[in-house]
Amino acid sequence: MEKKERNIQKIDYTTIIGMQKVSVWKRHNLNKRTVDWLAEEIPIALIYNGISHVVIMATPNDLEIFALGFSLSEGIIASPSDIFGIDVVLVCKGIEVKIELSSRCFIALKKQRRTMFGRTSCGLCGIEQLDQIDKYIKPLAFTQNFNLANVDIGLAQLRDYQLIGNITGCTHIAAWMSPEGNLLVAFEDVGRHVALDKLLGYCSKNMWYKGAVLLSSRASYEIVYKSAMCGVEILFVVSAVTCLAVDIAKRFNVSLIGFSKLGRATIYTHPERIL
């Protein structure tokens with residue numbers, strides 16, 4: 001997502017994928033119809049080698065890198081090279097993303113005993129035993145560090161990248177932050193998990209590993225899980241964290257920082273990476 005001007009009045013809203021215009025009535029004048037913009041949320045079916053795997057509600061942009069990020073963060077593939085092709089197809093009630101997997105990965109996927117009902121794109125829904133988490137994540141190495149003073153630089157840039165959110169107030173944003181605090185790329189979605197998967201897909205495809213994730217939401221266990229699966233050593237979130245998120249971050253060597261706001265931060269795990 002390219003950086004845009006902060007003044008959203010200069011943006012041609014009709015060119016932004018992921019929004020729709022609707023008619024509304026405001027409290028101060030119920031007799032007059034006016035226009036508002038809403039973020040889109042539609043069913044996205046991920047289909048691996050012709051077999052439907054999961055349907056996720058998401059904003060319909062950046063779907064190829066979303067499919068890549070989801071495949072990585074769910075352990076379906078080990079690297080982008082395990083995917084031979086991705087096709088995005090519009091269907092009557094949503095979008096199908098058709099993913100061509102290597103034979104090795106597809107055989108492993110078919111062997112997974114997963115219950116797909118009720119999934120919200122989190123990393124653990126459907127796993128039968130909690131101790132199966134260990135099979136999917138390896139503890140991360142300690143190769144990164146981050147100066148907390150630079151987080152304020154990234155936070156100040158978030159709105160510049162949140163085009164749909166600025167207009168609708170309805171999206172989360174996941175950004176990759178350089179060690180100097182600059183946001184290098186960011187992705188929006190109505191779902192925080194999906195926004196993160198889009199970012200993880202992009203960074204993995206472009207081999208960006210030096211820096212940290214900055215996410216405009218809370219950190220529940222699946223956010224830390226997905227980050228750890230893709231090798232993210234440092235995770236900043238602007239809101240709270242859960243106990244299980246902290247437990248997973250401790251176990252798999254993720255530095256988890258919550259309440260990341262201007263001049264504030266709470267480090268929950270592995271402070272040795274934080275300067």
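These values consider heavy atoms only, across backbone and side chains, with no hydrogens, waters or symmetry-generated copies. All residue numbers in this chain count up from 1 along the given sequence. Small disclaimer: the values here were computed from a predicted structure and weren't measured.
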Asker: Is M57 reachable from L46 through a run of I, L, V, M, F, W or Y residues, each pair having side-chain heavy atoms under 4.5 Å apart?
Answerer: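 As far as the 4.5 Å side-chain criterion goes, M57 and L46 are not connected within one cluster.
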
Asker: Check the pair L158 / D160 against side-chain contact (heavy atoms from CB on, under 4.5 Å), numbers first and verdict last.
Answerer: CA-CA 5 Å; L158 268 181; D160 294 334; over 6 Å; no

Asker: Check this for me: does any side-chain nitrogen of one of R104 and D82 sit under 4.0 Å from a carboxylate oxygen of the other?
Answerer: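 Looking at D82 together with R104, the answer is yes, because their closest N to O distance falls below 4.0 Å.
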
Asker: Would you kindly confirm whether I153 and I234 end up in one hydrophobic cluster when ILVMFWY residues are joined by side chain heavy atoms under 4.5 Å apart?
Answerer: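 They do not share one cluster, since no chain of ILVMFWY contacts under 4.5 Å joins I153 to I234.
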
Asker: Are L148 and I274 packed together at the side-chain level, in the sense that at least one heavy-atom pair is separated by less than 4.5 angstrom?
Answerer: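 In short, these two side chains touch, coming nearer than 4.5 Å.
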
Asker: Using atom types as modelled and distance alone, determine if a side-chain donor or acceptor of Y161 lies under 3.5 Å from a backbone N or O of L183.
Answerer: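 Yes.
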
Asker: Would you mind reporting whether H270 and V254 have side-chain heavy atoms less than 4.5 Å apart?
Answerer: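 SC-SC contact between V254 and H270 ruled out.
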
Asker: Between A186 and A175, what is the shortest heavy-atom contact and its length?
Answerer: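 Minimum heavy-atom contact is CB-CB, 3.8 Å.
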
Asker: Is the NZ or CZ atom of R273 positioned over F146's six-membered ring, under 6.0 angstrom from the centre and within 45° of the axis?
Answerer: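 Verdict for F146: no cation-pi partner in R273.
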
Asker: At what distance, to the nearest 0.5 angstrom, does CZ of F236 lie from CG of L214?
Answerer: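 Going from CZ on F236 over to CG on L214, the span is 8.0 Å.
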
Asker: T269 side chain to V246 main-chain N or O, any donor-acceptor pair under 3.5 Å?
Answerer: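 Checking the backbone N and O of V246 against the side chain of T269, no donor-acceptor pair under 3.5 Å is found.
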
Asker: Assigning hydrophobic clusters by single linkage (Ile, Leu, Val, Met, Phe, Trp, Tyr; side-chain heavy-atom cutoff under 4.5 Å), is L275 placed with I257?
Answerer: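 No, because L275 and I257 fall into different hydrophobic clusters, even though each may have its own neighbours under 4.5 Å.
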
Asker: I95, F66: one ILVMFWY side-chain cluster at the under-4.5 Å cut-off?
Answerer: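 I95 clusters together with F66.
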
Asker: If you round to the nearest 0.5 Å, how far is CD of E100 from CZ of F106?
Answerer: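 Rounded to the nearest 0.5 Å, the CZ-CD separation comes out at 11.0 Å.
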
Asker: Do L199 and C203 touch side chain to side chain, with heavy atoms closer than 4.5 Å?
Answerer: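 In short, these two side chains touch, coming nearer than 4.5 Å.
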
Asker: Could you go through E188 and H172, starting from their C-alpha distance and side-chain angles, then the distance that decides it, and tell me whether this counts as side-chain hydrogen bond (donor to acceptor under 3.5 Å, both in side chains)?
Answerer: CA-CA 6 Å; E188 290 182 90; H172 289 293; over 6 Å; no

Asker: Is it true that a side-chain atom of N61 and a backbone atom of I17 form a donor plus acceptor pair closer than 3.5 Å?
Answerer: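 Such a contact is found between N61 side chain and I17 backbone.
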
Asker: May I ask you to check whether W176 and Y202 place their ring centers less than 6.0 Å from one another?
Answerer: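 No.
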
Asker: Tell me if a side-chain donor or acceptor on D189 pairs with a main-chain N or O of V194 at a distance below 3.5 Å.
Answerer: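 Answer holds: no.
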
Asker: If you look at every heavy atom in V190 and A39, which pair is closest and at what distance?
Answerer: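 For V190 versus A39, the nearest heavy atoms are CG1-CB, 3.8 Å.
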
Asker: Taking the side chain as every heavy atom from C-beta outward, state whether V24 and R33 have any pair of such atoms under 4.5 Å apart.
Answerer: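 Side chain of V24 against side chain of R33, heavy atoms only: no contact under 4.5 Å found.
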
Asker: Can you check whether V241 reaches L256 side chain to side chain, under 4.5 Å on heavy atoms?
Answerer: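 SC-SC contact between V241 and L256 confirmed.
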
Asker: With a 4.5 Å limit on heavy-atom distance, are the side chains of F70 and L200 in contact?
Answerer: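 F70 vs L200: side chains apart.
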
Asker: Using 0.5 Å steps for rounding, measure from the CD1 atom of I76 to the SG atom of C105.
Answerer: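 Those atoms lie 9.0 Å apart.
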
Asker: Looking at CH2 of W37 and CD of Q20, how far apart are the two atoms once the value is rounded to the nearest 0.5 Å?
Answerer: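 Nearest 0.5 Å value for the CH2-CD distance: 9.0 Å.
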
Asker: According to a hydrophobic-cluster definition based on side-chain heavy atoms being under 4.5 Å apart (Ile, Leu, Val, Met, Phe, Trp, Tyr only), do L38 and W25 belong together?
Answerer: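 No, separate clusters.
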
Asker: Going by heavy atoms in the side chains, are N253 and F142 under 4.5 Å from each other?
Answerer: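 In short, these two side chains touch, coming nearer than 4.5 Å.
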
Asker: Starting at OG of S79, measure out to CG of L72 and round the result to the nearest 0.5 Å.
Answerer: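 Spacing of OG (S79) from CG (L72) equals 7.5 Å.
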
Asker: Any donor-acceptor pair under 3.5 Å linking the side chain of K250 with the backbone of S255?
Answerer: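 Side chain of K250 to backbone of S255: no pair is present.
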
Asker: Could you walk me through whether I99 and V97 pass the side-chain contact (heavy atoms from CB on, under 4.5 Å) test, one step at a time?
Answerer: CA-CA 6 Å; I99 304 151; V97 182; 4.2 Å; yes

Asker: Is E233 salt-bridged to K210, cutoff N-O under 4.0 Å?
Answerer: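 No, no charged N to carboxylate O under 4.0 Å.
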
Asker: Give me the atom names and distance for the closest heavy-atom approach of V237 to A219.
Answerer: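 Looking at all heavy atoms of both residues, the shortest contact is CG1-CB, 3.8 Å.
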
Asker: Do the side chains of K98 and I86 get nearer than 4.5 Å, heavy atoms only?
Answerer: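 Not in contact.
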
Asker: side-chain contact (heavy atoms from CB on, under 4.5 Å), that's the test. Do S217 and S239 meet it? Break it down for me.
Answerer: CA-CA 5 Å; S217 74; S239 190; 5.8 Å; no

Asker: Show the nearest heavy-atom pair for residues L140 and A228, with the distance to one decimal.
Answerer: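 Minimum heavy-atom separation between L140 and A228: CD2-O, 3.7 Å.
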
Asker: Please determine which of I107, I77, I51 meets the side chain to side chain contact (heavy atoms under 4.5 Å, CB included) test together with L101.
Answerer: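 Testing each of I107, I77, I51 against L101, the sole residue satisfying side chain to side chain contact (heavy atoms under 4.5 Å, CB included) is I77.
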
Asker: Can you name the closest pair of heavy atoms from P179 and N150 and give their distance?
Answerer: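 Scanning both residues, the minimum pair turns out to be O-ND2, 2.8 Å.
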
Asker: Once you round to the nearest 0.5 Å, how far does OG1 of T171 lie from CD1 of I173?
Answerer: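 T171 OG1 to I173 CD1: 7.0 Å, rounded to 0.5 Å.
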
Asker: Between the side chain of E40 and the main-chain N/O of T59, is any donor-acceptor distance below 3.5 Å?
Answerer: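 No.
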
Asker: Does the N166 side chain pair with the main chain of Q162, one donor and one acceptor, at a distance under 3.5 Å?
Answerer: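 Looks like yes, one N/O pair under 3.5 Å.
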
Asker: Hey, mind stepping through S216 and R192 against side-chain hydrogen bond (donor to acceptor under 3.5 Å, both in side chains) and telling me if it holds?
Answerer: CA-CA 8 Å; S216 66; R192 58 201 172 96; over 6 Å; no

Asker: With a 3.5 Å distance limit and no angle check, can you tell me whether N206 reaches the backbone of W208 through a side-chain donor-acceptor pair?
Answerer: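 Flag not set: sc N206 to bb W208 has no pair under 3.5 Å.
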
Asker: Quick test of your reading of the model: are D197 and K226 salt-bridged, counting only N-O distances below 4.0 Å?
Answerer: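 Salt bridge between D197 and K226, a charged N being under 4.0 Å from a carboxylate O: yes.
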
Asker: After noting the C-alpha distance and the side-chain angles of V213 and L196, does the key distance pass the side-chain contact (heavy atoms from CB on, under 4.5 Å) rule?
Answerer: CA-CA 9 Å; V213 166; L196 179 60; 4.0 Å; yes

Asker: Ignoring hydrogens and angles, state whether a donor on the side chain of S71 or Y48 is under 3.5 Å from an acceptor on the partner side chain.
Answerer: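 On atom types as modelled, these side chains qualify, holding a pair under 3.5 Å.
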
